[in-house]
4 protein chains.
Amino acid sequence: MTGKMKDKSELILEAALQVFAELGYHRAPVSRIAKAAGVADGTIYLYFKSKEDILITLIRGKLGELVDKFRESVSQSDHPRDAIRTMCRIHYTELERNRALAMVTQIELRQSDLELRRAIGHAVKPYIRLIEQVLLKGMEMKVFRDDLDVKLIRHLLFGAMDEVVTTWLIAERPYSLSAQVDGTVDFFLLAIER
Amino acid sequence: MTGKMKDKSELILEAALQVFAELGYHRAPVSRIAKAAGVADGTIYLYFKSKEDILITLIRGKLGELVDKFRESVSQSDHPRDAIRTMCRIHYTELERNRALAMVTQIELRQSDLELRRAIGHAVKPYIRLIEQVLLKGMEMKVFRDDLDVKLIRHLLFGAMDEVVTTWLIAERPYSLSAQVDGTVDFFLLAIER
Amino acid sequence: MTGKMKDKSELILEAALQVFAELGYHRAPVSRIAKAAGVADGTIYLYFKSKEDILITLIRGKLGELVDKFRESVSQSDHPRDAIRTMCRIHYTELERNRALAMVTQIELRQSDLELRRAIGHAVKPYIRLIEQVLLKGMEMKVFRDDLDVKLIRHLLFGAMDEVVTTWLIAERPYSLSAQVDGTVDFFLLAIER
Amino acid sequence: MTGKMKDKSELILEAALQVFAELGYHRAPVSRIAKAAGVADGTIYLYFKSKEDILITLIRGKLGELVDKFRESVSQSDHPRDAIRTMCRIHYTELERNRALAMVTQIELRQSDLELRRAIGHAVKPYIRLIEQVLLKGMEMKVFRDDLDVKLIRHLLFGAMDEVVTTWLIAERPYSLSAQVDGTVDFFLLAIER
DNA sequence: CATGAATGAGTTTTCATTCAT
DNA sequence: TATGAATGAAAACTCATTCAT
C-alpha cells in the first residue's frame, strides 16, 4: 500500500507547487493549498512548520530531483561537449514540461528576504558545482581551454540559461524553449573550447 | 532653497529603495517608507497612487538612469569590443556601488505577480536592445561572427552578467564584483568574435 | 446544548442590528460589531463577505420575518377592511417593539448608495405587493372602489405608514405609535371604500 | 456687481448638491466639492465649519425655497381642494425637475445619525405645518370632514407623497412623476372631503 | 480672504497560525 | 493524526481638517 499511497506531505507539496505557480508565493493563502491538497488547514502544520517551510522544502525537493537527472545524464556522457549539451537540454526541456515548477523557481525563488534567498541558493549549488565539474573534466581532457576561470564561468553558463528560461516564461507570445538548446550551447562552446 | 530641497516624491523613492532593499517589497509596510522619508503615511498617496506604483516608478527611474549611462558610454566607444566591455563595467560597477538598488532589481524585480514582472520587464528591455545594437554593429564591422543569433545571444549576455551580480549579492563573504568584468567579457568575446 | 446555542451568524446579525441602530451603518466599524457579538474581528468574515453583506442579510432577514407575519395575518382576515387594519397594526406594533429594527429600516435603509438602496428595495417589495393583493381582493369583493389605481395607491398607503413611523422615531418626546393605527386606517378606508 | 456675482458659499452649496447627488453624502470627498466649486479645499472651511454643516445648510436652503413656493401658491388658492392639488403638483414637479435635489432629500436626507436627521427634520416641518393649515382651513370652510386628526393626517399626506417620489427616484425604468399628481390628490380628497 | 500640501486617525479586509475537539 | 472554526495582528488606503504661506 505504501507504494501507491502518496505521502501526505508529498500531496501538500504537489498542491503548493500548483498554487504558488498560479498565485505567487505571497498571494497564495495556506487555506488554498490545503483545499488543493484535500486536507484541512491545520493539517498542513503537522507536516510543515510554516508557509515558508513549504516553499523551501518544495524547492529543495524539486531542484534535487532535477539535479539528480543532470548528474545521471552527465555521467553517461563520454565527452564534456556532450555533457554541456545534455545539461542544457535537460534544463530547458524539464522546465518547459513543468511550467509550474519553472514559474516557482524563476519567479518565486527570487523572492522575499535574503534569508530565504540564501536557503534556496543552496539548492542550486549542486547544479552549479556539476557544471564546474564538467568544465574541469573538459580542461583535463584538453578539449576546453586551459585558462578558464571556472568559478566565474560556471555562473556565466548558469546565468545565461536561467535568463533564457525567464524570458521564455514571461514572454507574451508562446514559443519553444527547447528549440533554444543548440543556439545556447554553440555559444558556450565557442567560448570554452580550444 | 530650491537647490537643497529635494522633490518630495524623490525623497519618498529614496526611502522606498532603502526599505525595499532591507525588507523586500512585500514585507515593507508603507508606513515604514513614510517614516524613513520623514512624512506622514497619507502623504505617500499624494505622490503615488499605490504601493506598487512606488516600486514601478522606482525601478523605471533607476533603471532608466542606468540605461542612459550605458547608452552614453556605448556611443563613445569606437569598437564594439570596447562597447561590450564598457557595458559590463558599468553594469557591475554601478550595482556594486549601489547595493540597495542591486538588491531591489535582482531580488524584488523578479518577484511579485506576473503582471508586475512584465511591467518591470519593459524597463530592462532598452538595455537588452542596446546589447543587441552593439552585436549588430560588431557583425556589420566584421569583428563579430556573421552567424550570431542576436535575439538569443543578447539574453545570454544579459543573463550571464545578471547571475554574476546575484551571486555576488547573496554571497556569504564579500568580494569585488567589478573585478569580474574582464573574466566575463573575455568569455563573451571568445564566443562572438571572429 | 444546541437549543441554547444560537447560530454564530445570528449572533453577529443581532449585534450588527444594535450597533447600526446606535451609530448608523457608515459610522459603525466592523470591529464594534465584533466586540458587541463577542467574537474576533476576523470571525465576522467567516460568515459574511463584507460589511455591506451584513446589512443586506440583516434587512432581508428581518423584513422577511415581518412580511411573513403580514402574510399570515392577512390570510386569516376574511374582510379586506380587516386585512388593512391588521397590516397597519403589525407594521406599527412590531416596529414600536423593536426600535433598533425601526431605526435601521427607517434611517439606514434609506441611505447609502443607490446600489444598496435598490438591493434593499427588493426586501420591501413583497410587502408592497401584499398591500396590492389586499386592494385587489377588496375590489373584487366590491367593498373597495372599482376605479383604484392600485399601482399608485399601494405606495400611498405604504408611504403614509412609513412616514408615521419615521416621525415617531425621530420625535423629541416619546408617544405611542400603535395608538395611531385607527386614525391611519380610518383615513385609508375613507379613500378606498365604496 | 453683487447682482451677477454669486456668493461663494452659494457656489459651494451648488457644487455640493451635484456631488452629493452623484456619490451620496458619505462617499463624497470634500475635495471633490471644492473642485466642482472651483475653490481650494481649505476655502470650504472659511464658509462652513464641517462637511455635515454643508449638508444641513444645503437642505435647509433648498427646502426653504420649496416651502416658499408652496406658501405662495397656496395663498393664491381660494379653495382648499385646489391648495392640496397645487401643493402636490409643486412637490412632484419641482423634484422631477431637480433630480439632484430629490436624490439628496430622499436618499441622503434620511441619513446618518439621529442628530442630523433631526436637524433636517426641522427643515421639513414648515411644509408639514403648511399642510396642516390647509387642512384646518378646509375644515373651517366645511369642505373637509370636521373629525380629521390633523396632527396625524398631515403626516399621512406628506408620507404618501414622499414615498411616491422615492419610488420614482429609485425606479429602474424612468416614468413621469408629475403624472401621478391627480391620482394622489384624488385619493387624498376622497379621504378628507365631506 | 484664499490656498493646497500635509496630516494621521480610522476603516475594511486578509490570512498565517493555533487549539479544542 | 486530523480537523476547521476562531483568532487578531497587520496592512493598504481614504479623507476631513488644519495651517503656514
Side-chain angles (χ1 to χ4, degrees), chain A residues 8-9 11-12 23 25-35 37-55, chain B residues 7-9 11-12 23 25-35 37-54, chain C residues 7-9 11-12 23 25-35 37-54, chain D residues 8-9 11-12 23 25-35 37-55:
Chain A
K8 196 162 282 188
S9 77
L11 208 65
I12 293 168
L23 301 178
Y25 175 74
H26 277 105
R27 304 196 166 194
V30 171
S31 62
R32 181 111 171 218
I33 299 173
K35 193 189 287 183
V39 302
D41 294 16
T43 304
I44 301 255
Y45 290 85
L46 296 175
Y47 295 91
F48 302 92
K49 70 179 212 293
S50 70
K51 186 183 169 186
E52 192 173 303
D53 188 33
I54 301 176
L55 180 58
Chain B
D7 192 335
K8 195 157 285 187
S9 77
L11 204 67
I12 293 167
L23 301 178
Y25 175 75
H26 276 105
R27 303 198 169 192
V30 171
S31 63
R32 180 106 175 227
I33 298 173
K35 194 186 286 182
V39 300
D41 294 15
T43 304
I44 302 265
Y45 291 88
L46 295 177
Y47 296 90
F48 302 92
K49 68 181 211 293
S50 69
K51 186 185 168 189
E52 189 173 306
D53 188 34
I54 299 176
Chain C
D7 191 337
K8 196 159 284 186
S9 77
L11 204 67
I12 293 167
L23 301 178
Y25 175 74
H26 276 105
R27 304 195 169 195
V30 171
S31 62
R32 180 107 174 224
I33 298 173
K35 194 187 287 184
V39 301
D41 293 17
T43 304
I44 301 265
Y45 291 88
L46 295 177
Y47 296 90
F48 302 92
K49 68 181 210 292
S50 70
K51 186 183 168 188
E52 190 173 305
D53 188 33
I54 300 176
Chain D
K8 196 163 282 188
S9 77
L11 208 64
I12 293 168
L23 301 178
Y25 176 75
H26 276 105
R27 304 195 165 193
V30 170
S31 63
R32 179 111 173 221
I33 298 173
K35 192 189 287 182
V39 302
D41 294 15
T43 305
I44 302 255
Y45 289 86
L46 298 174
Y47 296 90
F48 301 92
K49 70 179 213 292
S50 71
K51 186 183 170 188
E52 191 173 303
D53 188 33
I54 300 176
L55 180 58

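Quick note: numbers below take in every heavy atom, side chains included, and nothing from hydrogens, waters or symmetry partners.
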Discussion item. I need the OH-P distance between C/Tyr45 and F/dA9, as an integer number of Å.
Written reply: 16 Å
Item to complete: With a 3.5 angstrom cut-off on both distances, give the Watson-Crick or G-U wobble partner of F/dA20, or none if there isn't one.
Response: E/dT3
Worksheet item: Rounded to whole angstroms, how far apart are CG on C/Asp41 and P on E/dG10?
Response: 15 Å
Discussion item. Measure NZ/A/Lys51 against P/E/dT14 and give the value in whole Å, please.
Written reply: 15 Å
Response to the item:
The answer to which of B/Thr43 and C/Ile44 contacts DNA chain F further toward the 5' end, by nearest nucleotide, is C/Ile44
Response to the item:
Whole-Å distance, C/His26 NE2 to F/dT14 P, equals 15 Å
Worksheet item: Can you tell me how far the OH atom of C/Tyr25 sits from the CD atom of C/Glu52, to the nearest 0.5 Å?
Response: 5.0 Å
Fill in: Nearest-angstrom distance from the residue atom OH of D/Tyr25 to C1' of F/dA16
10 Å
Practice prompt. Could you point out which residue of B/Arg27, B/Arg32, B/His26 forms a side-chain contact (heavy atoms from CB on, under 4.5 Å) with B/Pro29?
Written response: B/Arg32
Item to complete: To the nearest Å, give me how far apart CZ (B/Arg27) and P (F/dA12) are.
Response: 14 Å
Practice prompt. Provide, to the nearest angstrom, the distance between the CD atom belonging to C/Glu52 and the C1' atom belonging to E/dT13.
Written response: 14 Å
Worksheet item: So which nucleotide does E/dG10 pair with, by the Watson-Crick or G-U wobble rule with both distances under 3.5 Å?
Response: F/dC13
Practice prompt. Please state how far atom CG in C/Asp53 lies from atom P in E/dT13, giving the value in whole angstrom units.
Written response: 10 Å
